[in-house]
Amino acid sequence: MSTSYTFSVTRNPSAASAAERAKVLENPGFGNFMTDHMVMVDWTLDDGWGEGKVVPYGPLQLDPSASVLHYGQEIFEGLKAYRHADGSVWGFRPQANAERFNRSARRLAMTELPEHLFVDACQAIVEADLDWVPSGGETSLYLRPFMIASEPFLGVRSAHRYTFMVIASPAGAYFSGGIKPVDIWVSEEYTRAAPGGTGAAKCGGNYAASLIAQQQAAEHGCQQVCFLDAVERRWIEELGGMNVYFVYGDEKIVTPELSGTILEGITRDSILTLAREQGHTVVEQRVDINEVRADIESGAITEIFACGTAAVVTPIGSLQSADSKSVVQSSEPGADTLGIREALLDIQYGRTPDTHGWMHRFA
Ligand code: PLP
Ligand code: COI
């Protein structure tokens, strides 16, 4: 496949050997290893977007006064390239990531990127590092497009120079326990995003702000944090890096509505469609943490799951906080969670026809 945007390619002279790569691909985990190349494209106020380059993966030369290092103008995306049984490699809704990237760019007052450049850059890294796309199981090549304010300038304003990059990392499961339910810490102390803030943007600062709560989660034996709204501390928003769904038996499946403070997950959006196709009634609405606790207690909520690119669909076992613990499913994932998970993976891995036009061939 060829891209419509042209990238110059400089091959990495010290690329991993086939044996080194095979060793990594045996058990990549998540985010531990990077491939041999990266994509770079610079933008300046005077000249716009420059030449796209695929270059050897390695450290950046960044001026210490680059404004990203001081004022945090940084946005990113996360999407996966999946190897199908016939060896071809596909992205899942990369256009949706390109659109969200530009929504994030607008919120952070950064320059927007032509959407085809975003998608072509993803394709360029997949082509350059094709041997790094794992096959078998639920493995993939995780792509991390991002953009930083690279202008050397300490004044506080939107930068006049940005660097867009894509790096790639072979991925297995995000949670090391496989599809075992994870426990969630409901943060009553810290919030992630406020109305008018950056919650709906995928910017590094949101994650920086979530880490202290994530630490508290870990201290309480939980794998992820659930954030409540910043105003009333009552409405469930999302997890640190995933959206969330609540299954009410055969009655309905509920997910927090897009409030402007949560990330519009592409997995979340895809599940709205897939769950409806499976005959579920799916509702987007405000979700009250106290009602959720009561509904778990009464058995009305039968399953809860998290969803996102990295996490795919992960069952949630319990919601915990300083003085409460509500256990929904302690050891085994529920049938609806597994059914939705399978429907999504079947499309991503090409095991079922892509009737929504979600898959994009990279190679
Ligand atoms: N919410 C947050 C805060 C995230 O970081 C992510 C991951 O990207 C998601 C939700 C899920 O989004 P997506 O399904 O597009 O990966
Ligand atoms: C993703 O699912 O792509 C994410 O960005 C979540 C997390 C790894 C930050």
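When a ligand or atom number is given, it counts from 1 through the structure's own listing order.
Of the charged side-chain nitrogens involved, none lies within less than 4.0 Å of a carboxylate oxygen, so that E188 and R234 do not count as a salt-bridged pair.
Listed by chain and number, residues touching ligand 2 at under 4.0 Å (heavy atoms only) are F30, F76, G78, Y142, R144, Y174, K202, Y207, G241, T309, A310.
Results of the salt bridge (Lys or Arg N to Asp or Glu O under 4.0 Å) test with E264 over R103, R93, R100, K202 single out R103 as the only residue that passes.
If you check the side chains of E303 and Q329, you find no donor sitting under 3.5 Å from an acceptor. Counting only N and O atoms by type, the side chains of S318 and Q320 include a donor and acceptor under 3.5 Å apart.
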Write none if no such pair exists; otherwise list each N/O atom of ligand 1 with its protein N/O partner under 3.5 Å and the distance.
residue	atom	partner	partner atom	Å
ligand 1	1 (N)	E238	OE1	2.5
ligand 1	5 (O)	K202	NZ	3.1
ligand 1	5 (O)	Y207	OH	2.5
ligand 1	8 (O)	K202	NZ	2.8
ligand 1	14 (O)	I266	N	3.2
ligand 1	14 (O)	T267	N	2.8
ligand 1	14 (O)	T267	OG1	2.5
ligand 1	15 (O)	R100	NH1	2.8
ligand 1	15 (O)	R100	NH2	3.1
ligand 1	15 (O)	I266	N	2.8
ligand 1	16 (O)	T309	N	2.8
ligand 1	16 (O)	T309	OG1	2.6

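In terms of heavy-atom proximity, M38 sits nearest to L60 at CE-CD2, 4.2 Å. Nearest approach of R233 to I289, heavy atoms of both residues: O-CG2, 4.4 Å.
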Could you walk me through whether E219 and Q215 satisfy the side-chain hydrogen bond (donor to acceptor under 3.5 Å, both in side chains) test, starting with their C-alpha distance in whole Å, then the side-chain angles of each, then the deciding distance to 0.1 Å, before giving a yes or no? CA-CA 6 Å; E219 281 161 17; Q215 265 178 356; over 6 Å; no
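Applying the ring pair (Phe, Tyr, Trp, His ring centres under 6.0 Å) rule to pairs touching residues 83-111 yields H84-W90, F92-W358, F101-F118, F101-F164, sequence neighbours excluded. Evaluation of the ring pair (Phe, Tyr, Trp, His ring centres under 6.0 Å) test over residues 252-299, restricted to residues two or more places apart or in two chains, returns none.
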